Amino acid sequence: MLDIQLLRNNIDGVAERLATRGFTLDRSAFQALESERKSLQTRTQELQANRNSLSKQVGVLKSRGEDAAAVMAQVAALKDELEANEVRLGELLKELDAFLSGLPNLPQDSVPIGRSDADNVEIRRWRVPRRFDFAVKDHVDLGEGIGQLDFATAAKIAGTRFSLMRGELARLHRVLAQFMLDTHVTQHGYTEVYAPYLVNAASLTGTGQLPKFEEDLFKILRADAEPLYLIPTAEVPVTNIVRNEILAADELPLKLVCHTPCFRSEAGSYGRDTRGMIRQHQFDKVELVQIVAAGDSLAAHEELTGHAERILEMLDLPYRRVTLCTGDIGFSSAKTYDLEVWLPAQQAYREISSCSNFEAFQARRMQARCRNERNKIELVHTLNGSGLAVGRTLVAIMENFQNADGSISVPEVLRPYLGGTERISAR
RNA sequence: GGAGACGUGGCCGAGAGGUCGAAGGCACUCCCCUGCUAAGGGAGCAUGCGGGCAUAAACCUGCAUCAAGGGUUCAAAUCCCUUCGUCUCCGCCA
């Protein structure tokens, strides 16, 4: 959510910056809502002040045993106008809130201007992709070839966009998450978190998935209780740890890492990535979250992205870092780096991590605050990034570490996690 | 699943229709006194949203908030209803 003060003071500037991301700000709608709000709120508060002071007089008179009927009649006379005003004001504030909730974040100045992913800017590449002297297979053929990846059975059990792994491949997948967690905890200073996989609507509103993106979520309706949603990312439960909190200055930065399954309905992507594990309804992800003081988020963004890159480097996977352009950046983000890993079978770099700085956008929705050096309360900045998407990392390992015989070599750093296993093949 | 108790500021805790945004204590901040790993005195100290206001800070001021939402009333922390949460006992269970 944007700062409403910014819209009041400089709506043209806001409109201009939102236009770079292809969003048209309805200035007249805002100004109409805002001017009605101002007069109505002032009037309502005036009436409330009146009522409050008159009611106090009633109390004073009665305690003295005097007649309060005349004052009570005055209060009663206020009642109709006050109630009408309160109702209208309530509606108006809701409309304003809905309007504000629909506005995406302002991109930072360093974000390249563009319309689509074609305009994203590559920052750097790490490692030249390996050359193969045989015909490469994709991860589906590799996994099915060794009998450890089984989409047909997953479809029978659940449906499309699910996967089933067995044996050493399943173990490799599990161990990958373990390796990522260990690295972030022991080398990058994160605190490990275990969090709920089902969350309430308030949490999703806090991080910006609701109200706008409900169709992307799996929703659990309950007969006698509020609905719950399956988390689309650990960002939701972990960032909401600080919702409605005021943190002490010395508690920051908060660096949290959390491994969870993620659930996405993928509505609207029916034709895309239908083959394999790239786009699933359920996938595992290790998520990095940082909660920092407002002045520190730029540096924290670089640091966090570096932590995700470190995992790719330790696994010896070629990747590139891309700055998303204004047209491709997420709704809540002020700036996003995508890390894209090389997939030999696709001859392309594919997203494996997305590292975003949300600045105060989520914090404002969540009322997540801290005290600064002068003991004043201010909104924190929130950041997160995948460190990494586990399923896609597995895909990248399978494809990049494949051998001519269809077996898969295990990256060095993972071997201790697999009891020394160096290669995975059909048994 | 059944029965009961409870939810008040950063924390503890009073308040049981009226001058209560809320006693008292702890913690914290500033000042004074003192001089030693302490004690004493004074002041300040919830959050959100408005208005003064024109950019920020400061300040003044209004409204709202005593788990959340609704209701009764001239007036609600206090009475009623619903929801959420916590605790205790019983049952069940990984």
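Treat the numbers as computed from the prediction; the structure is a model and nothing was measured. Lettering of chains follows the sequences in order, A, B, ..., and the numbering in each one begins at 1. Side-chain atoms are counted along with the backbone in the values below, which use heavy atoms only and exclude waters and symmetry mates.
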Could you go through nucleotides 55-61 of chain B and list every protein N or O atom that sits under 3.5 Å from one of its N or O atoms, giving the distance for each pair?
{"from": "B:U55", "atom 1": "OP1", "to": "A:Asn9", "atom 2": "OD1", "distance (Å)": "3.2"}
{"from": "B:A58", "atom 1": "OP1", "to": "A:Lys376", "atom 2": "NZ", "distance (Å)": "3.0"}

Could you list, one pair per line, each protein nitrogen or oxygen that sits under 3.5 Å from a nitrogen or oxygen of nucleotides 15-17 of chain B, together with the distance?
none

Give each protein N/O atom lying under 3.5 Å from an N/O atom of nucleotides 64-68 of chain B, with the pair distance.
{"from": "B:A64", "atom 1": "OP1", "to": "A:Arg51", "atom 2": "NH2", "distance (Å)": "2.8"}
{"from": "B:A64", "atom 1": "OP2", "to": "A:Asn52", "atom 2": "ND2", "distance (Å)": "3.3"}

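Neither OP1 nor OP2 of B:G50 sits under 4.0 Å from any side-chain N or O of A:Lys38.
Looking at which nucleotide of RNA chain B each of A:Lys79 and A:Arg369 is closest to, the 5′-most match is held by A:Arg369. Heavy-atom distances to RNA chain B give each of A:Ala49 and A:Gln367 a nearest nucleotide, and the one nearer the 5′ end belongs to A:Gln367.
A:Thr323 meets the side chain to side chain donor-acceptor pair (under 3.5 Å) test with no other residue; sequence neighbours excluded. Partners of A:Ala426 according to the side chain to side chain contact (heavy atoms under 4.5 Å, CB included) rule, which considers only residues two or more places apart in sequence or in another chain, are A:Ile146. Residues satisfying the side chain to side chain donor-acceptor pair (under 3.5 Å) criterion with A:Ser353, sequence neighbours excluded, are absent altogether. Among residues two or more places apart in sequence or in another chain, the side chain to side chain contact (heavy atoms under 4.5 Å, CB included) test is passed with A:Leu6 by A:Asp3, A:Val14, A:Leu106. With sequence neighbours excluded, no residue forms a side chain to side chain donor-acceptor pair (under 3.5 Å) with A:Asp119.
No side-chain N or O of A:Gln362 forms a donor-acceptor pair with one of A:Thr239 less than 3.5 Å apart.
Across all strands shown, A:Gln57 has no heavy atoms under 4.0 Å from either base or sugar-phosphate atoms. Counting non-hydrogen atoms under 4.0 angstrom, A:Ile246 reaches the backbone sugars and phosphates but no base. When heavy atoms are screened at a 4.0 angstrom cut-off, A:Ile4 is found touching the sugar-phosphate backbone but no base atom. Backbone-only engagement by A:Arg371 is indicated by non-hydrogen atom pairs under 4.0 Å involving sugar-phosphate atoms exclusively. Looking at heavy-atom distances under 4.0 Å, A:Ile377 makes contact with sugar-phosphate atoms alone, never a base.
In this structure, CD of A:Glu245 is placed 15 Å from C1' of B:G48, rounded to the nearest angstrom. Computed from coordinates, the A:Leu47 CG to B:C74 C1' distance equals 15 Å when rounded to whole Å. Taking atom CG on A:Asn10 and atom P on B:A54, their separation rounds to 15 Å, with Å as the unit. Between the C1' atom of B:G48 and the CG atom of A:Leu93 lies a distance of 12 Å, rounded to the nearest Å. Across the protein-nucleic acid pair, A:Lys94 atom NZ and B:G69 atom P stand 11 Å apart, rounded to whole Å. The distance between atom CG of A:Asn200 and atom P of B:G85, rounded to the nearest whole Å, is 10 Å. Spacing between atom CZ of A:Arg365 and atom C1' of B:G48 amounts to 18 Å, rounded to whole angstrom units. One can place CG of A:Leu40 at 15 Å from C1' of B:G62, the figure rounded to the nearest angstrom.
The C1' atoms of B:G18 and B:A76 are separated by 10 Å, rounded to the nearest whole Å. Atom name C1', nucleotides B:A23 and B:A5: the rounded distance is 25 Å, in whole Å. B:G48 and B:A68 have their C1' atoms separated by 16 Å, given to the nearest Å. With C1' as the reference atom, B:C81 and B:U88 are 25 Å apart, rounded to whole Å. Going from the P atom of B:G17 to that of B:U78 covers 11 Å, rounded to whole Å. Rounded to the nearest Å, the gap between the P atom of B:G62 and that of B:G21 is 12 Å. B:C20 and B:A46 have their C1' atoms separated by 15 Å, given to the nearest Å. Across the P atoms, B:A54 and B:A14 are found 47 Å apart, a figure rounded to whole Å.
Among the nucleotides B:G21, B:G50, B:A75, the one closest to any side-chain atom of A:Ser55 is B:A75. Here B:G18 is the nucleotide among B:C49, B:U19, B:G18 with the atom lying nearest to any side-chain atom of A:Val58.
For the pair A:Glu86/A:Gln48, a side-chain contact is recorded, criterion being any heavy-atom separation below 4.5 Å from C-beta on. Under the 4.5 Å side-chain criterion, counting only non-hydrogen atoms from C-beta, A:Val380 is in contact with A:Cys370.
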Test side chain to side chain donor-acceptor pair (under 3.5 Å) applied to A:Gln290 and A:Glu303, step by step: CA-CA 10 Å; A:Gln290 290 203 25; A:Glu303 182 199 73; 2.8 Å; yes

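Contact check on A:Arg275 versus A:Asp141 returns a salt bridge, with a Lys/Arg side-chain nitrogen under 4.0 Å from an Asp/Glu carboxylate oxygen. Salt-bridge check for A:Arg43 with A:Glu81: passed, with a basic side-chain N closer than 4.0 Å to an acidic carboxylate O.
Atom OG of A:Ser333 and atom CG of A:Asn105 lie 7.0 Å apart (nearest 0.5 Å). Taking CZ from A:Arg166 and CG from A:Leu149, the interatomic distance works out to 9.5 Å, rounded to the nearest 0.5 Å.
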Could you give the side-chain donor-acceptor pairs of residues 388-396 of chain A under 3.5 Å, partners two or more places apart or in another chain?
{"from": "A:Arg392", "atom 1": "NE", "to": "A:Ile278", "atom 2": "O", "distance (Å)": "2.9"}
{"from": "A:Arg392", "atom 1": "NH1", "to": "A:Glu351", "atom 2": "O", "distance (Å)": "2.8"}
{"from": "A:Arg392", "atom 1": "NH2", "to": "A:Ile278", "atom 2": "O", "distance (Å)": "3.0"}
{"from": "A:Thr393", "atom 1": "OG1", "to": "A:Ala389", "atom 2": "O", "distance (Å)": "2.6"}

What pairs of donor and acceptor atoms, side-chain ones from residues 195-208 of chain A against any protein atom, are under 3.5 angstrom apart with sequence neighbours left out?
{"from": "A:Asn200", "atom 1": "OD1", "to": "A:Ala202", "atom 2": "N", "distance (Å)": "3.4"}
{"from": "A:Asn200", "atom 1": "OD1", "to": "A:Ser203", "atom 2": "N", "distance (Å)": "3.0"}
{"from": "A:Asn200", "atom 1": "OD1", "to": "A:Ser203", "atom 2": "OG", "distance (Å)": "3.1"}
{"from": "A:Ser203", "atom 1": "OG", "to": "A:Arg243", "atom 2": "NH2", "distance (Å)": "2.8"}
{"from": "A:Thr205", "atom 1": "OG1", "to": "A:Ala201", "atom 2": "O", "distance (Å)": "2.9"}
{"from": "A:Thr207", "atom 1": "OG1", "to": "A:Ser203", "atom 2": "O", "distance (Å)": "3.1"}
{"from": "A:Thr207", "atom 1": "OG1", "to": "A:Gln209", "atom 2": "OE1", "distance (Å)": "2.7"}

Secondary structure string for RNA chain B (Watson-Crick or G-U under 3.5 angstrom, | for other-strand pairs): ((((((((.[[[..)..(.....]]].(((((.......))))).(((((((......))))))).[[[[[..)....]]]]])))))))....

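Listed by first and then second residue, the ring-ring contact (aromatic ring centres under 6.0 Å, His included) pairs that reach into residues 350-373 of chain A are A:Phe331-A:Phe361, sequence neighbours excluded.
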